[in-house]
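In this text the structure is predicted, and so the values were computed from the model without any measurement. Computed over heavy atoms, backbone and side chain alike; hydrogens, waters and symmetry mates excluded.
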Amino acid sequence: MTAELVRGQNHTLPQTRLEIRVSAGAPVVAGATLGDERGTVHGVEWIAHPGSPQLPGLEVSRQAAADHRLAVDLDALPDEVHRLTVLLALPLEVGGPTRFGAVASPFVAVTGLDGTEIATFTLTGLDTESAVAALEIYRRQGGWKVRAVGQGYAGGLAAMLADQGVERAAELAGSIQEAVAGGMARTVAPPPPRTPEGERVRHAGGPVPAPGDGQPPAMPPVTPQPEQLAEPAAPQTAQGGPIDYAHPRRQAAAPPPPPPAAPPAEPGQPALPVAGDATGWSMDERLYNQVWGMFEDLARAVAAYRSAVDFAESRMDQELERTLSDPRSRIGGAGDRAREQARAKRDELAGRAREALDRDLAQLAAESAVVEPALPAPYAGWDNPVWHAYRVPMEIPMALRIGDLHLPESAALRIPLLVRLPLERGIWIDSGRTASEAAALTDTDQLRRLAMESAVLHAARLLAVYPAGEFAVHVIDPAGAAATALAPLVRSGVLAGPPASGAGGVSSVLAQLTRRVDLVQMAIRAGAADSLPPDLDPAEQLLIVNDFPHGFDDRAVTQLRYLADEGPSVGVHLLMVADREDASAYGPVLDPLWRSLLRITPIADDHLADPWVGHAWTYEPPRTPVGSSVLELVLAQVAAARRTGGR
């Protein structure tokens with residue numbers, strides 16, 4: 001059965017030798033780019049276009065035409081290739097159309113070599129764009145999937161190539177158009193057969209070089225990072241510019257391939273999910289990348305469903321408007337029949353979209369069922385049995401779980417929210433009642449208690465995942481209002497000192513951490529890291545601030561802002577528990593502070609947006625199971641390791 005895709009929807013490919021057929025209402029240029037795990041195109045050698053139509057496992061035509069056939073052999077693609085993106089562009093010919101909105105919507109079909117359609121996609125909604133990324137084929141769980149993209153570019157072929165990271169994109173786009181102008185009609189040959197030895201005969205044109213022209217390829221991750229998961233209008237971090245997510249202890253070498261996927265449960269069914277089937281240097285890194293792959297798949301699956309439902313509604317409205325605009329159709333039962341038919345078609349389209357979503361959700365739920373139990377302690381929920389076998393680690397993990405995310409269409413499917421370590425930005429736990437409708441229905445005292453309990457769980461997890469003595473926690477509680485919530489940390493003895501209270505306590509802790517930031521920065525700038533004072537604690541530092549800005553004067557506020565801006569780069573991090581409304585008296589002076597922190601909530605709230613589609617995701621804060629003593633057991637081990645120096 002053919003899968004009729006809408007923008008964002010994906011479909012599993014049952015075979016690896018394919019044709020991609022393109023039909024358009026006017027001549028178009030067809031090409032394809034090859035991308036690595038991050039989707040990056042590493043040069044012109046990774047692009048098939050009319051001037052260079054052949055790559056290993058891929059061939060495109062040399063001319064602009066209304067119909068194209070692209071030959072693809074996924075088994076013959078180099079191992080470095082993880083994505084293949086099909087590109088369409090209007091040729092620069094005098095008198096020809098200059099935007100896709102002026103021609104019929106292009107139609108793309110992925111077929112087997114026998115012509116059987118596997119998936120189709122009609123690129124609707126294009127207007128001023130003169131180039132479009134039609135679809136992409138990508139590796140997933142040891143197999144291949146196709147995703148309908150439909151991303152248009154008003155800047156044409158040059159803008160589209162530049163968006164994929166191609167250097168000198170404008171120059172390459174010009175050479176492609178020149179090749180099209182002088183191109184000759186030809187037939188695209190299908191991929192070659194296997195040799196008797198079973199090896200694929202490669203197309204002419206030589207192998208695709210590894211990234212960097214022989215240099216080690218850049219390291220994953222293949223997905224956007226959690227620091228890009230923020231409120232929809234969130235700006236960049238306080239430091240500005242992109243963050244380097246390279247693990248400080250990782251070698252710049254290619255990661256080993258993922259383990260082979262399990263065989264399908266039944267012929268024709270998707271492969272059974274396997275925990276850790278993403279790429280990475282270790283199982284932890286593979287699981288990290290797999291979780292983010294699940295996150296992206298869920299985001300795009302729901303986007304496809306919502307788009308399909310919107311399309312069904314829009315089509316029904318258009319049909320009703322077209323039918324009822326004729327006065328004759330309003331007489332008798334013609335109008336009623338038209339409404340019934342339009343609604344029936346709407347329900348049919350929406351039902352098909354829901355069936356596709358349910359299939360994707362079932363596959364992701366099955367994957368989650370095998371991934372969640374396999375997660376290491378830093379990635380696992382507090383209810384995971386792995387915490388009962390907890391031992392103080394010897395190395396800093398790659399990431400930390402700070403909660404779960406889900407969407408309304410898939411409330412039962414929770415995706416772990418993982419942030420990289422060391423922390424690149426602080427965290428603000430919003431204890432205000434004006435933060436959301438759910439918060440407005442919660443008692444103020446209860447909300448603040450829940451916020452501080454969440455802060456304690458985050459601090460405990462950070463202490464637990466760092467080696468002994470490599471992480472320290474300070475607490476500022478000006479009025480002593482958080483004594484009950486802080487009791488587990490205080491009783492276990494894992495804090496760097498008693499919670500600071502009163503103006504003097506606030507001033508002392510801030511002065512200590514500010515001095516640490518200043519000294520480390522000066523030592524780094526001078527290239528004299530060994531000259532730091534012996535009393536300076538080299539461990540990563542976390543400052544928990546409760547009920548800000550109570551107990552803070554102007555000097556203390558300035559120091560706090562300084563720590564938020566300069567602290568993360570030298571190992572000092574903030575965990576604020578505050579109501580934004582309480583700090584409104586300071587005016588815009590605190591806006592940079594709030595913007596530099598990742599906002600989370602002590603109760604479920606849909607304030608976070610993903611970096612792919614922009615859905616509003618519901619964030620679920622971490623909780624320990626009712627009646628469980630797992631927190632006390634973990635903190636006891638952390639305290640014991642601190643006393644013995646990790647021995």
Side-chain angles (χ1 to χ4, degrees), residues 377-378 380-384 387 390 392 400-404 417 419 421 423 426-432 439 442-466 471-501 505-506 509 513 539-548 550-551 572-579 597-605 619-642:
W382 286 108
D383 57 349
N384 192 309
W387 283 107
Y390 167 76
V392 176
L400 184 80
R401 185 174 186 159
I402 63 170
D404 296 324
L417 175 54
V419 297
L421 293 179
L423 294 173
I427 296 175
W428 165 36
I429 301 179
D430 195 342
S431 62
T442 306
D443 177 73
T444 299
D445 293 338
Q446 180 185 6
L447 196 61
R448 291 182 175 178
R449 176 181 59 79
L450 291 173
M452 199 59 201
E453 289 176 354
S454 293
V456 168
L457 290 177
H458 291 308
R461 184 178 286 257
L462 281 164
L463 284 164
V465 303
Y466 272 78
F471 199 86
V473 176
H474 308 262
V475 177
I476 290 178
D477 185 20
T484 301
L486 289 169
L489 298 178
V490 174
R491 285 197 304 263
S492 62
V494 296
L495 293 179
S501 60
V506 171
V509 173
L513 293 177
E540 297 274 316
Q541 309 286 311
L542 176 71
L543 174 60
I544 302 177
V545 179
N546 184 42
D547 276 350
F548 178 82
H550 300 298
V572 177
H573 315 282
L574 286 182
L575 201 167
M576 304 281 292
V577 179
D579 179 354
L597 304 177
L598 174 63
R599 174 180 173 259
I600 58 178
T601 51
I603 56 177
D605 186 35
Y619 167 78
E620 294 279 356
R623 292 280 186 269
T624 54
V626 177
S628 172
S629 59
V630 63
L631 180 62
E632 288 75 12
L633 293 173
V634 169
L635 290 177
Q637 290 206 40
V638 172
R642 286 168 60 93

Test your reading of the model: is there a side-chain donor-acceptor pair from Asp477 to the backbone of Ala482, 3.5 Å cut-off?
yes
Where [X] and [Y] come nearest, the two heavy atoms and their spacing:
{"X": "Asp605", "Y": "Arg599", "result": "OD2-NH2, 3.7 Å"}
{"X": "Phe548", "Y": "Ala578", "result": "O-CB, 3.7 Å"}
{"X": "Gly432", "Y": "Leu447", "result": "O-CD2, 3.3 Å"}
{"X": "Ser454", "Y": "Pro602", "result": "OG-CA, 3.9 Å"}
{"X": "Ala459", "Y": "Ile544", "result": "CB-CD1, 3.7 Å"}
{"X": "Pro478", "Y": "Val506", "result": "CG-CG2, 4.1 Å"}

List the steps, then state whether side chain to side chain contact (heavy atoms under 4.5 Å, CB included) holds for His458 with Ile429.
CA-CA 10 Å; His458 291 308; Ile429 301 179; 3.9 Å; yes
Within-4.5 Å side-chain heavy-atom neighbours: [X] and [Y]:
{"X": "Ile476", "Y": "Pro499", "value": "no"}
{"X": "Tyr390", "Y": "Val638", "value": "yes"}
{"X": "Ile600", "Y": "Trp428", "value": "no"}
{"X": "Leu543", "Y": "Leu575", "value": "no"}
{"X": "Leu495", "Y": "Val475", "value": "yes"}
{"X": "Asp404", "Y": "Leu417", "value": "no"}
{"X": "Arg623", "Y": "Asp383", "value": "no"}
{"X": "Ser431", "Y": "Met452", "value": "no"}

Listing, residues 628-635 side-chain donor-acceptor contacts under 3.5 Å, not counting sequence neighbours, or none:
| unit_1 | atom_1 | unit_2 | atom_2 | d |
| --- | --- | --- | --- | --- |
| Ser628 | OG | Val630 | N | 3.1 |

Taking only residues two or more places apart in sequence or in another chain, which ones pass side-chain hydrogen bond (donor to acceptor under 3.5 Å, both in side chains) with Asp579?
none
Between Trp382 and Arg461, is there a cation-pi geometry (under 6.0 Å to ring centre, at most 45° from the normal)?
yes
In Å, rounded to the nearest 0.5 Å, how long is the span from [atom1] of [X] to [atom2] of [Y]?
{"X": "Leu457", "Y": "Ile402", "atom1": "CG", "atom2": "CD1", "answer": "12.5 Å"}
{"X": "Leu574", "Y": "His474", "atom1": "CG", "atom2": "NE2", "answer": "11.5 Å"}
{"X": "Ile427", "Y": "Met576", "atom1": "CD1", "atom2": "CE", "answer": "12.5 Å"}
{"X": "Leu462", "Y": "Leu421", "atom1": "CG", "atom2": "CG", "answer": "6.5 Å"}
{"X": "Gln637", "Y": "Leu463", "atom1": "CD", "atom2": "CG", "answer": "13.5 Å"}
{"X": "Gln446", "Y": "Glu453", "atom1": "CD", "atom2": "CD", "answer": "9.5 Å"}

Chi angles and distances behind the side chain to side chain donor-acceptor pair (under 3.5 Å) call for His573, Glu540:
CA-CA 8 Å; His573 315 282; Glu540 297 274 316; 2.6 Å; yes
Determine, for Arg448 against Asp443, whether the closest basic-nitrogen to carboxylate-oxygen distance falls under 4.0 angstrom.
no
Show your working on side chain to side chain contact (heavy atoms under 4.5 Å, CB included) between Tyr619 and Thr601 and close with a plain yes or no.
CA-CA 8 Å; Tyr619 167 78; Thr601 51; 3.7 Å; yes
Under the criterion side chain to side chain contact (heavy atoms under 4.5 Å, CB included), I'd like the reasoning laid out for Thr442 against Ile603: C-alpha separation, chi angles, the key distance, then a yes or no.
CA-CA 9 Å; Thr442 306; Ile603 56 177; 3.8 Å; yes
